[in-house]
Amino acid sequence: MSPMNTCVVGLQWGDEGKGKVVDILAENSQVVVRYGGGSNAGHTVVIGDSRFALHLLPSGAIREGTLCVIANAVVVDPAVLIGEIDGLAQRGISLAGRLFISENAHVVLDYHKREDQLREESLGKQKIGTTIRGIGPCYADKVGRSYAIRMSDFRDLDALAGKLRTIIEYKNKLFGALYGAEPMDVNGVIESCRTYAQRLAPCTADTTELLHTAIAEGKSILFEGAQGSLLDLDHGTFPYVTSSNSSSLGLPSGCGVPAKMVNKYIGVAKAYTTRVGAGPFPTELDNEIGQYIREKGHEYGTTTGRPRRCGWFDGVAAAYSVKIGSVDSLALMHLDTLTGLKELSLCRAYEIDGREKTFFPANIDRLAKARPLYETVPGWDDDLSEATRFEDLPEAAQAYVRRIEQIVGKPVAMIGVGPKRSQTIMKSGL
Ligand code: GDP
Ligand code: IMO
Ligand code: MG
């Protein structure tokens, strides 16, 4: 098989099932790459009775033959990453010699998480509903440059200690003045960095060189998006977004591989829509149907355990993510979760100021005016969890998938009928 570089990206507001799709595709990839975000991500892989929830390691890590890359634009929480490496080791999966972390990736430390929490608390009802993983503050320090720590800083602990003293003095003044917070002890932070450096400095590398060498050697690379396209800092529902380019537009800048070197973009969407945290959600079902989907689909956050908001499939939003992400085909997950609903609604357009629109307005002031225009189709009662071929699905489920293909304008290549790796239907060529 000729080498194939593939990007897997979420088309909604995250948690679409990217971990499962990446795990499946990693079978034919030599390298798996996280290109953005941080431990705000929670990607689940279920193999038989074993469940893995990964926050920083690419989901392909579970397949022992793969090289795992954490690229430049990822913000790395070393404590979480070490916990994840050790957790996999305890389950017999070793990362030794196959994990490469960009030396240029920025580091999330305790003061970032503290700032995230203090800011959210101070905003009260206006809060974004972040994961409190320090993501926004770390990216802000990266853009600000003067107070940033990168993975390469772990190579010189004396220099790092000096930098941390300056940074924490500044943060203590800031948090004290803004939030009345108690000062943080710099020595504790320096001490924990000693452990982080011991464990992670040997894994740091020039991952851009590594990826270009892998491409030149004809290896297949799988790029794993985190979050979803609608949480993209520049193209999502700002300010209710994350602090990185979480659509596939973040891939080239995130890891130094140009978009044209990626052969395939696979967009992952649920057969309905979910969102966790605040922000607009035109097709939200704040009623017993939303509750049914939440319970049947176990829609509680992988990272924070928060209940996810649930709603109908939003074809306008998904089609937008397909367009900005140059998506070739869809992986449609959680079709099984819709079993038991008598009728299903699909949003095919919005009405805004009396006019029908099919192009998603990411600006939230315009989005607030959007009234979803639905079409209603019959549901099904059959259990889908054992289906292995598209033809095995009830006619109503097949028709539902075909209608999504029409609305979004791309073929559905993969269908999820349960959380397990094996509960996946390959519909048409990927
Ligand atoms: P990610 O962040 O996109 O990787 O998604 P998460 O792992 O946060 O959330 C997806 C959840 O749905 C996880 O609990 C998965 O195990 C589960 N899941 C994935 N695909 C399917 C599916 O087709 N059906 C069902 N019932 N569960 C699925
Ligand atoms: P995966 O990769 C779902 C959401 C948060 C919040 C907003 C900002 O598992 O799909 P942040 O902590 O990033 O500053 O929070 O973004 N969010 C996610 N929602 N899945 C994710 O990741 C998310 N990562 C961030 O809930 O609304
Ligand atoms: Mg998730």
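Being a predicted model, the structure only gives us computed values, none of them experimental.
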Donor-acceptor pair, [X] side chain versus [Y] backbone, under 3.5 Å?
X    : Y    : value
E120 : T130 : yes
E103 : M151 : no
H212 : G256 : yes
E299 : C310 : no
E224 : K18  : no
N287 : G290 : yes
T304 : G301 : no
T283 : W312 : yes
D232 : S229 : no
R306 : G129 : yes

Does any donor atom in the side chain of [X] or [Y] lie under 3.5 Å from an acceptor atom in the other side chain?
X    : Y    : answer
S385 : D383 : yes
D141 : H112 : yes
E395 : Y400 : no
T274 : D15  : no
S253 : N245 : no

Could you give the distance from [atom1] ([X]) to [atom2] ([Y]), rounded to the nearest 0.5 Å?
X    : Y    : atom1 : atom2 : result
Y35  : L251 : OH    : CG    : 5.5 Å
D353 : K369 : CG    : NZ    : 4.0 Å
D206 : S102 : CG    : OG    : 7.0 Å
L346 : I407 : CG    : CD1   : 5.0 Å
L249 : S321 : CG    : OG    : 10.0 Å
E391 : Q398 : CD    : CD    : 6.5 Å

- Message: Under the criterion side chain to side chain contact (heavy atoms under 4.5 Å, CB included), I'd like the reasoning laid out for F360 against L367: C-alpha separation, chi angles, the key distance, then a yes or no.
- Response: CA-CA 8 Å; F360 181 79; L367 189 57; 3.7 Å; yes
- Charged N-O contact under 4.0 Å between K20 and D23: no
Would a 4.5 Å heavy-atom cut-off, applied to side chains only, mark [X] and [Y] as touching?
X    : Y    : answer
M414 : M426 : yes
I85  : R199 : yes
L393 : W380 : no
E115 : L118 : no
P372 : D314 : no
R119 : I128 : no
I135 : Y139 : yes
L384 : P394 : yes

Ignoring hydrogens, what is the shortest heavy-atom contact between [X] and [Y]? Give both atom names and the distance.
X    : Y    : result
V9   : S246 : CG2-O, 3.9 Å
S29  : L222 : OG-CB, 3.6 Å
L211 : I221 : O-CD1, 3.9 Å
P307 : V276 : O-CG2, 4.2 Å
L109 : P78  : CD2-CG, 4.4 Å
S345 : Y374 : CB-CD2, 3.7 Å

- Item | Check against side chain to side chain contact (heavy atoms under 4.5 Å, CB included), V322 and L11 | CA-CA 7 Å; V322 161; L11 298 182; 3.9 Å; yes
Over 12 foreign heavy atoms within 6.0 Å of [atom1], [X]:
X    : atom1 : value
E386 : CD    : no
R91  : CZ    : yes
D286 : CG    : no

- Scan residues 122-140 for pairs that pass salt bridge (charged side-chain N to carboxylate O under 4.0 Å, His left out), counting only residues two or more places apart or in two chains. none
- Task: Please report the C-alpha distance between F223 and V257 in whole Å, then the side-chain angles of each, then the deciding distance to 0.1 Å, and finally whether the side chain to side chain contact (heavy atoms under 4.5 Å, CB included) criterion is met.
- Result: CA-CA 10 Å; F223 298 91; V257 173; 4.1 Å; yes
- Task: Take R421 and E27 through the salt bridge (charged side-chain N to carboxylate O under 4.0 Å, His left out) test and state the conclusion after the steps.
- Result: CA-CA 11 Å; R421 185 191 264 176; E27 187 180 8; over 6 Å; no
- Message: Using side chain to side chain contact (heavy atoms under 4.5 Å, CB included), reason through L57 and L81 one step at a time and then give a plain yes or no.
- Response: CA-CA 7 Å; L57 287 171; L81 182 57; 3.8 Å; yes
- Item | Plane angle bin for Y272 and H334 - parallel if under 30°, tilted between 30 and 60°, otherwise perpendicular | perpendicular
- Query: What class does the angle between the rings of W13 and F281 fall in, given that below 30° is parallel, 30 to 60° is tilted and above 60° is perpendicular?
  - Reply: tilted
- Query: Partners of R114 by salt bridge (charged side-chain N to carboxylate O under 4.0 Å, His left out), sequence neighbours excluded?
  - Reply: none
- Task: Any chance you could lay out the salt bridge (charged side-chain N to carboxylate O under 4.0 Å, His left out) test for D153 and R150, step after step, and finish with the verdict?
- Result: CA-CA 5 Å; D153 288 312; R150 302 199 296 173; 5.5 Å; no
- Item | side chain to side chain donor-acceptor pair (under 3.5 Å) between Q406 and R402, intermediate numbers included | CA-CA 6 Å; Q406 285 166 350; R402 283 200 213 95; over 6 Å; no
